[in-house]
Amino acid sequence: MKNQNRLVAAVSTPAILIGLVLVVALIGAYGDVTTARVATLALVSVVFVVGLSVFSGNSGVMSFGHVAFMAAGAYTTAYLTIPVPLKKSLFSDLPGWLSWLADVHTSFPVALLAGAVVAGVVGLVTAPVVARLSGLQSGIATLAMLMVTYNVLNSWTEVTRGSSSMIGIPRGTTAWWAFAVAALAVVVAWGYRCSRGGLQLRASREDFWAAEAAGIAVGRHRAIAWVISAMLCGVAGALYAGYLTSFNVNGFFLAATFSFVVMIVLGGYLSLSGAVVGALAVSALQEVLRRFQDGQFTGGSALPAGVADLIVAGVLLVVLVKAPYGLMGVRELRLPGSRRRAAEPAPEAEREPAHAG
Amino acid sequence: MTATDLNPTRRSSVLRMAGGGIHFDGVKAVDGVTIEVRSGEVLGLIGPNGSGKTSTLNLLSGMLKASAGSISIDDQDITRLSMRQRARRGVVRTFQSGRVFGRLTVWENVEAAALGGGLRRPAARALTAEIIEELGLEPVAHDLAQQLTAGRVRTAAIARALATGPRFLLLDEPAAGQNESEAVELITAIRGFAQRRDCGVLLVEHDMSVVMGTCDRLHVLDSGRTVVEGEPATVRSDPRVIEIYFGKRH
Ligand SMILES: Nc1ncnc2c1ncn2[C@@H]1O[C@H](COP(=O)(O)OP(=O)(O)OP(=O)(O)O)[C@@H](O)[C@H]1O
Ligand SMILES: [Mg+2]
């Protein structure tokens, strides 16, 4: 009986989150063209933000560099799925040691996997740095990683097409693919969070020195979470490329980073439910505001460009003031029966940051 | 009689700092202190505010790097090991301010420490259940640590330290804020936990009367230096201790 309760408690959060994602997938599969597009891209955002939360949510260290992993996944997918003849004309100046890239071709599912692997390798290379940094230093270091990636992609024209768009990617991503990957991301993220590594990393998030004093290898666990996180964001990039069929390097820079940060912060970065809810809520809000800005609700009179972004930023500020840990705080969505006391709100204490003294 | 006598299978060992020192911009917080904690005993480290007790504990646990002296477990030098590496060798500390993992449950606090101490999951869960029961934390096991009362925070911090698998347990004022009889009760309980695990305890406390009946030996610090160390009765009657310790109060 007790064990059964524990099992229900353990699966209830991912089950609810997958249910939420399923609703969005149904909208994506059966909605009109515009709605379907918004829903599918919202699922791609769910994959990304869930990936980001594997690192940030468990370690408490914010990253502004994860879009680089998304780029890794997107470029990998482009290289693996653009038809060979088109690729030969798009990349006629490939350096000799990379000329084999013009001839490889894989199916979309293989490209999804490859996107995860390539992003994971970028994660492995950068993990040693991330393992050693916290707070402001980490923010700067991850931002630097984004800058480096952007500059490489923007300047290495023979291989990346630089500032010209990457085109001709076959449409591989359907609402159902996006759903399957999002559900998998939720399962992976929840599994990691509950694992022995995830628990130790969450302990270090609360108090770095107390964790070290308990023998916890904080750096090692940060590195592991970073790599898992990178892989999930890589798949998000692959889905993104496979949905839009063309993309531009500018899609993987500050605007995207800000948008994802808004999602995770608004939803609540400490909780997996916060990541999913934040990604979905902000996607919906952005779409409503876009229509508003285009004049759909005001009888056709368009508002100046940028109004939507301003409102999103305003919403973020209000949420940060009213609920610093986002809509979810430390809570997770749970089935009513499996609610543990730990999941209940802690109104008084939650307003203060964790004490370290 | 110490716990070592009762448990002959485990070799008794000693955590030792020899001539340890640390200074902060000219202030010598610890100045040439030699201190030994033996398995099975409770050593009280006492001294007035600012006398260097916490700093000594920081040196032993590796939170601070010693600017002089060396630290060892038996014949093994651990001076260069980090706090985490020392924890894995059984040198486990608590903090004067508790520092529990606030947004984790009490259970998770203890289990994280058991995992940090190197246990696999099933063993960590079993140990967590055992410690939570032993310390009477079941009623709050699934509460977030930040919701606990001050008394429960102290107990949770001790539970976490026990879960790490200490051979030497370094406790920084575990009874702070409690009255004398509560403090004596808590320390007596700690003594029991420690002896059952055959571990040595260094107990920082500023109240002399609390440590008198609960510690095997006392080590008195003042201005970062050792004043005297030895049996409680001897220490208490030492004129220098009466001067620096009781002199200030009466
Ligand atoms: N990080 C630090 N930076 C500067 N000075 C420090 C630091 N830590 C301790 N000190 C100084 O070193 C001296 C010893 O401090 P310590 O905290 O070890 O004393 P204590 O015996 O634990 O005192 P208390 O009973 O108040 O806890 C004090 O003068 C203190 O101001
Ligand atoms: Mg102190």
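Quick note on labels: first sequence line is chain A, next is B, and so on, each numbered from 1.
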With a 4.5 Å heavy-atom cut-off, do A:Tyr325 and B:Arg103 have their side chains touching?
-> yes
Heavy atoms of other groups near B:Arg121 CZ, more than 12 under 6.0 Å = yes
Look at atom CD of B:Glu182 and say whether more than 12 heavy atoms of other residues, nucleotides or ligands are closer to it than 6.0 Å.
-> yes
Test side-chain contact (heavy atoms from CB on, under 4.5 Å) applied to A:Ile216 and B:Leu115, step by step | CA-CA 8 Å; A:Ile216 294 172; B:Leu115 294 170; over 6 Å; no
Toward chain B, the part of A:Leu201 with a non-hydrogen atom under 4.5 Å = neither
For B:Leu170, is it the side chain, the backbone, both or neither that has a heavy atom under 4.5 Å from a heavy atom of chain A?
-> neither
Applying side chain to side chain contact (heavy atoms under 4.5 Å, CB included) to B:Ala113 and not counting sequence neighbours gives A:Ala214, B:Arg160, B:Ala163, B:Thr164
Could you tell me which residues in residues 77-84 of chain B have at least one non-hydrogen atom under 4.5 Å from a non-hydrogen atom of chain A, sorted by residue number?
-> B:Met83, B:Arg84
Minimum side-chain heavy-atom gap B:Met63-A:Trp209 below 4.5 Å | yes
So which heavy atom on A:Glu212 is nearest to which on B:Ala87, and how close?
-> O-CB, 4.1 Å
Minimal heavy-atom distance between B:Phe101 and A:Ala203, with the atoms involved, is CD2-O, 3.1 Å
Give every residue pair that meets the side-chain hydrogen bond (donor to acceptor under 3.5 Å, both in side chains) criterion with at least one member in residues 215-230 of chain A, sequence neighbours excluded.
-> A:His66-A:Ser229, A:Thr126-A:Trp226, A:Ser134-A:Arg222
Apply the test side-chain contact (heavy atoms from CB on, under 4.5 Å) to residues A:Leu199 and B:Leu104: give CA-CA distance (whole Å), side-chain angles for both, the deciding distance (0.1 Å), then the verdict.
-> CA-CA 9 Å; A:Leu199 176 55; B:Leu104 299 190; 4.2 Å; yes
Residue pair A:Arg196, B:Arg120: steps toward the side-chain contact (heavy atoms from CB on, under 4.5 Å) verdict | CA-CA 8 Å; A:Arg196 59 199 301 270; B:Arg120 311 293 314 171; 4.0 Å; yes
Sort out for me which of A:Ser195, A:Ser204, A:Ala210, A:Gly197 touches chain B most, counting heavy-atom pairs under 4.5 Å.
-> A:Ala210
Under 4.5 Å from any heavy atom of chain A - which part of B:Glu111 | both
Please look at B:Arg86 and chain A and tell me whether the side chain, the backbone, both or neither of the residue comes under 4.5 angstrom of a heavy atom of that chain.
-> neither
Output all residues satisfying side chain to side chain contact (heavy atoms under 4.5 Å, CB included) with A:Val312, sequence neighbours left out; order by chain, then residue number.
-> A:Val262, A:Leu285, A:Gln286, A:Leu289
